[in-house]
Structures are given as C-alpha cells and as structure tokens.
Amino acid sequence: MKIAVFGGAGFIGHHLVNKLQQTHDVCVYDNFSVFGVKNIKTKHAIVQQRIKQWYNVDTVNGSILEESLIQDFLNKQQPDVIVNLAAYPRVSLSEQYPVLSADGMIKGLINTLNYTCKKYIHISSSNVYGNYQDDADESSLCAPINLYGALKLAQEKLIQSHATNTNMKYLIYRPICVFGNNDISDRLVPKFVKSAVNNEEIFYAQDTFTDITYVDDLVDAIVLGIESDASNQVFNISSEHSVTIKQLAEIVCQHYDSKSTLIPVSREKYFPNRGSLKIEKIKNVLGYERKFDLFKALEQLDPDTIF
C-alpha cells in the first residue's frame, strides 16, 4: 500500500516510517522542525538522527497550514492510507502557544481531509479524557482540562463528522505518555531518564498518577490498523498499569543506579491526573498484543538518543 504520513519526521512519526517502509510504499509530509528546541544545530541533529534509517521515502518539506502544497503532495502521491501525526506535540507547548497550536491542529487537520483515501488514521491523546481513574475505556467521559486535550477532542469530532458526510473510513488512537528513543528531554519519561543518568535532581508532581506507552507498541498498533479491515473505531493504547509519578521516577532511578534526589512539586493545573487506560477493545478488534511494560521499555531505551 501507499501510505502518506503527516508528521513523519516527528518522534512517533519516524518510528512509524521506519517500520512501514519495510513492507509498504511510504511518503512523508513534514516541516522537519522540532517544536520546543531553539538551537538550530540541535534541531538538525535530532532530525538527522530520526531519518537516518529511511530509504526510498519520498518527502515534502512544508507546513501543515499550506493547503495547496498539501493537495499537490496528495494528488501526486495518491496514498491509499493517510496517517496524521502533525500537531504541537506536548501539552505545555499548546498552553504556551495557544493560537499556533489551534491553527496547526484544527486548520492543519482540515487540510489533510480534502483527499479521498481508503482509510484515514489519526493519533489523538489520552488528554481527551481529562482527569480519570483506572480502567477508563473508549466510552468513558471525555472532559479535557487543557487546550491540547480540547483540540485533540475537536480533531476527533471533525474526523467523525467528515466521515459521516463522505463515508470516509477512519481509525483514531488515544495513547498515553508515549516515550522511546530519539525523543527530547522535556517529556515526562525521557526527562526523568536524562536526569537520572546524569545524577541530577528530579522534580515530580505529588499525588499524581499516569500510565505509559512505549513507542514500539503504538507503532505496532497503528500498523495493525493500516493492514486490517477495521474502520470507524477509537482505540486506547497503554501499558494497562498506572503508577504514581514518584514511583515512575523511582523505577527510572533504580534502573540506571542513579544518585538523583527526588523533589516533590505541585502538579501544573493543566496536567491531568490519569489512571490506567483499558485496551481490551483494540485487543479484540485488531488482535493487538502489548509487548512492553515500563521495565521492558527501559531495557530498550538508549539514553544517548535523548536530546
């Protein structure tokens, strides 16, 4: 199949492209930037690290807001499947740059919908649920408490509305706390890993829980969705096990035999307190099997790839 990946040079995107190129024809639309990283040399190093395994991947360097360029890209490539990963990648950045975030996630999404393909796959977020306890499933109440989650939920509604009007087939994924190699150190797990390796102080949010998703598990789930007949479904992705942020920091420190000091701080108001996401639905519909819990994921993670 021909698969177009918007945001293919991003953290999740490049892992997906690395996997898809083995069995599919892949093309990427990306602005080849790294949100939140200001140093040009560092940005270049991150991008080069992420794309170094690509072969025969057609690419277009462009903004998700460039409607005509996107249409030219899609008309030329004529993909069977579109995967949308283009977004401001973190909650904190959406709060810091609300207008840019909204433009990219709403206008940008609409720009990717003006093409008829066999299936449209969108990567949403557990942030659509807001605060929740363990065992949230896809039918649980969506009540986002931050802009990122609200925009992700709006994207889902736009996709579903468009599908109703056009008979487009879609799949939506809601992962939680995704991490892996070639990430940057202002996300939760890589931040803890980087600090632990360097024996630096680790600041953790008190009385706060989360679940995690290792990026390879998310990639496997997306590939299953691409290759299956399933459509018009929403799927959670998680490790099925919640930990406190303090426990997460302690596990990371123990894994790296770190001398880091753990310092409790108050949770930012826009960060939700999240339990464990249920993933029975994706297991039943796609035959998905999770491979990584936190301990196995840390064994796979190379701290030297975190910028």
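Computed from a prediction, not measured in an experiment: that's the story for all the values here.
No side-chain N or O of D30 forms a donor-acceptor pair with one of N61 less than 3.5 Å apart. Side chains of Q77 and K2: a donor-acceptor N/O pair is present below 3.5 angstrom, by distance only. Inspection of the S63 and N31 side chains reveals no N or O donor paired with an N or O acceptor under 3.5 Å. Counted by atom type alone, H122 and E156 present zero donor-acceptor pairs between their side chains at under 3.5 Å. Side-chain polar atoms of Y129 and N236 form a donor-acceptor pair below 3.5 angstrom. Between the side chains of D211 and S276, at least one donor N or O sits under 3.5 Å from an acceptor N or O. Looking only at atom types and distance, the side chain of H24 has a donor-acceptor partner in the side chain of E227 under 3.5 Å away. With no hydrogens or angles considered, a side-chain donor-acceptor pair links T112 and Y120 at under 3.5 Å. Between the side chains of H241 and D293, no donor N or O sits under 3.5 Å from an acceptor N or O.
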Problem set entry | salt bridge (Lys or Arg N to Asp or Glu O under 4.0 Å) between K118 and D80, worked out | CA-CA 5 Å; K118 294 179 180 178; D80 300 297; 3.6 Å; yes
Problem set entry | Evaluation steps, side chain to side chain contact (heavy atoms under 4.5 Å, CB included), between I172 and Q160 | CA-CA 10 Å; I172 294 171; Q160 291 164 340; 4.2 Å; yes
For this session: Start with the C-alpha gap between F11 and V215, add the side-chain angles, then the distance that decides, and say whether side chain to side chain contact (heavy atoms under 4.5 Å, CB included) holds.
Result: CA-CA 9 Å; F11 164 56; V215 68; 4.0 Å; yes
Problem set entry | Full working for salt bridge (Lys or Arg N to Asp or Glu O under 4.0 Å) between E200 and K194 | CA-CA 8 Å; E200 298 171 346; K194 201 73 172 178; over 6 Å; no
For this session: In sequence, state the C-alpha distance, the side-chain angles, and the governing distance for K41 and H44, and then conclude on side chain to side chain contact (heavy atoms under 4.5 Å, CB included).
Result: CA-CA 5 Å; K41 289 184 178 180; H44 180 75; 5.7 Å; no
Exercise. Does the side chain to side chain contact (heavy atoms under 4.5 Å, CB included) test come out yes or no for Y204 and L248, once each step is laid out?
Worked result: CA-CA 9 Å; Y204 69 92; L248 175 62; over 6 Å; no
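Looking at K119, its side chain never comes within 3.5 Å of a backbone N or O of S231 through a donor-acceptor pair. No donor-acceptor pair closer than 3.5 Å links the side chain of E201 to the backbone N or O of L262. In this structure a side-chain-to-backbone donor-acceptor pair under 3.5 Å is missing from S101 to S94. The backbone N or O of Y214 sits nowhere less than 3.5 Å from a side-chain atom of Q300 that would complete a donor-acceptor pair. Side-chain N or O atoms of S161 include none that pairs as donor or acceptor with a backbone N or O of K157 at under 3.5 Å. At least one donor-acceptor pair under 3.5 Å links the side chain of E95 to the backbone N or O of L147. S238 places a side-chain N or O within 3.5 Å of a backbone atom of L277 that can act as its donor or acceptor partner. The main-chain N or O of E280 is found under 3.5 Å from a side-chain atom of N284 such that the two form a donor-acceptor pair.
A chain of hydrophobic side-chain contacts below 4.5 Å, direct or via other Ile, Leu, Val, Met, Phe, Trp or Tyr residues, connects I159 to I82. When the side chains of ILVMFWY residues are joined at heavy-atom separations under 4.5 Å, either directly or via intervening members, F292 and I12 end up in two distinct hydrophobic clusters. Linking ILVMFWY side-chain heavy atoms closer than 4.5 Å, directly or via other members, places I106 and L65 in a single hydrophobic cluster. Both V5 and I237 sit in one connected hydrophobic cluster of ILVMFWY residues. Membership requires side-chain heavy atoms under 4.5 Å apart, directly or through other members. Side-chain heavy atoms closer than 4.5 Å link hydrophobic residues (I, L, V, M, F, W, Y) into clusters, and following such links, even through other members, never connects Y132 to F209.
Counting heavy atoms from C-beta on, the side chains of V91 and N127 come closer than 4.5 Å. For the pair F192/I245, a side-chain contact is recorded, criterion being any heavy-atom separation below 4.5 Å from C-beta on. Within the 4.5 Å cutoff, no side-chain heavy atoms of V34 are placed close to those of F307. A heavy-atom distance below 4.5 Å is not found between the side chains of Y173 and S124. Side-chain contact check for M168 versus L113: some heavy-atom pair is nearer than 4.5 Å. Under the 4.5 Å side-chain criterion, counting only non-hydrogen atoms from C-beta, L218 is not in contact with L16. Contact of the I3 side chain with the C27 side chain is not registered, since no non-hydrogen atoms from C-beta on lie closer than 4.5 Å. Using a 4.5 Å cut-off on side-chain heavy atoms (C-beta onward), I226 and M1 make contact.
Within 6.0 Å of NZ in K43 there are more than 12 heavy atoms belonging to other residues, nucleotides or ligands. At most 12 non-hydrogen atoms from other residues, nucleotides or ligands lie less than 6.0 angstrom from CD of E289. The environment of NZ in K281 is crowded: more than 12 heavy-atom neighbours from other residues, nucleotides or ligands sit within 6.0 Å.
Of all non-hydrogen atoms in I121 and G225, the two that sit nearest each other are CD1-C, 4.1 Å. For the pair S195 and S260, the tightest heavy-atom approach, listed with the atom from each and the gap, is O-OG, 3.2 Å. A pairwise comparison of heavy atoms in A196 and S258 identifies O-OG, 2.8 Å as the closest pair. Minimum heavy-atom separation, Y288 to D217: OH-CB, 3.3 Å. Shown here for G104 and I64, the closest heavy-atom pair between the two residues is O-CG2, 3.8 Å. The two residues G149 and V128 make their nearest non-hydrogen contact at O-CG1, 3.8 Å.
Each of N111, N75, N114 was compared with I70 under the side chain to side chain contact (heavy atoms under 4.5 Å, CB included) criterion, and only N111 meets it. R50 pairs with exactly one of N18, N181, V17, N182 by the side chain to side chain contact (heavy atoms under 4.5 Å, CB included) rule, that one being N182.
With rounding to the nearest 0.5 Å, the separation of CZ in R174 from OG in S126 is 9.5 Å. One finds the OG1 atom of T208 at 9.5 Å from the CG atom of N131 (value rounded to the nearest 0.5 Å). The line from CE of M105 to NZ of K152 is 4.5 Å long, rounded to the nearest 0.5 Å. Separating the CG atom in L224 from the CG atom in L286 is a distance of 6.0 Å, to the nearest 0.5 Å. Note that the OG1 atom of T213 and the CD1 atom of I176 stand 6.5 Å from one another [nearest 0.5 Å]. In this structure, CZ on R187 lies 9.5 Å from OG on S92, to the nearest 0.5 angstrom.
K107 and E67 are not joined by a salt bridge, as no carboxylate oxygen comes within less than 4.0 angstrom of a charged side-chain nitrogen. The pair E240-K283 counts as a salt bridge, with a side-chain nitrogen and a carboxylate oxygen less than 4.0 angstrom apart. A salt bridge links D220 with K291; the closest basic N to acidic carboxylate O contact falls under 4.0 Å.
Ring geometry for F6 versus F73: interplanar angle over 60°, hence perpendicular rather than tilted (30 to 60°).
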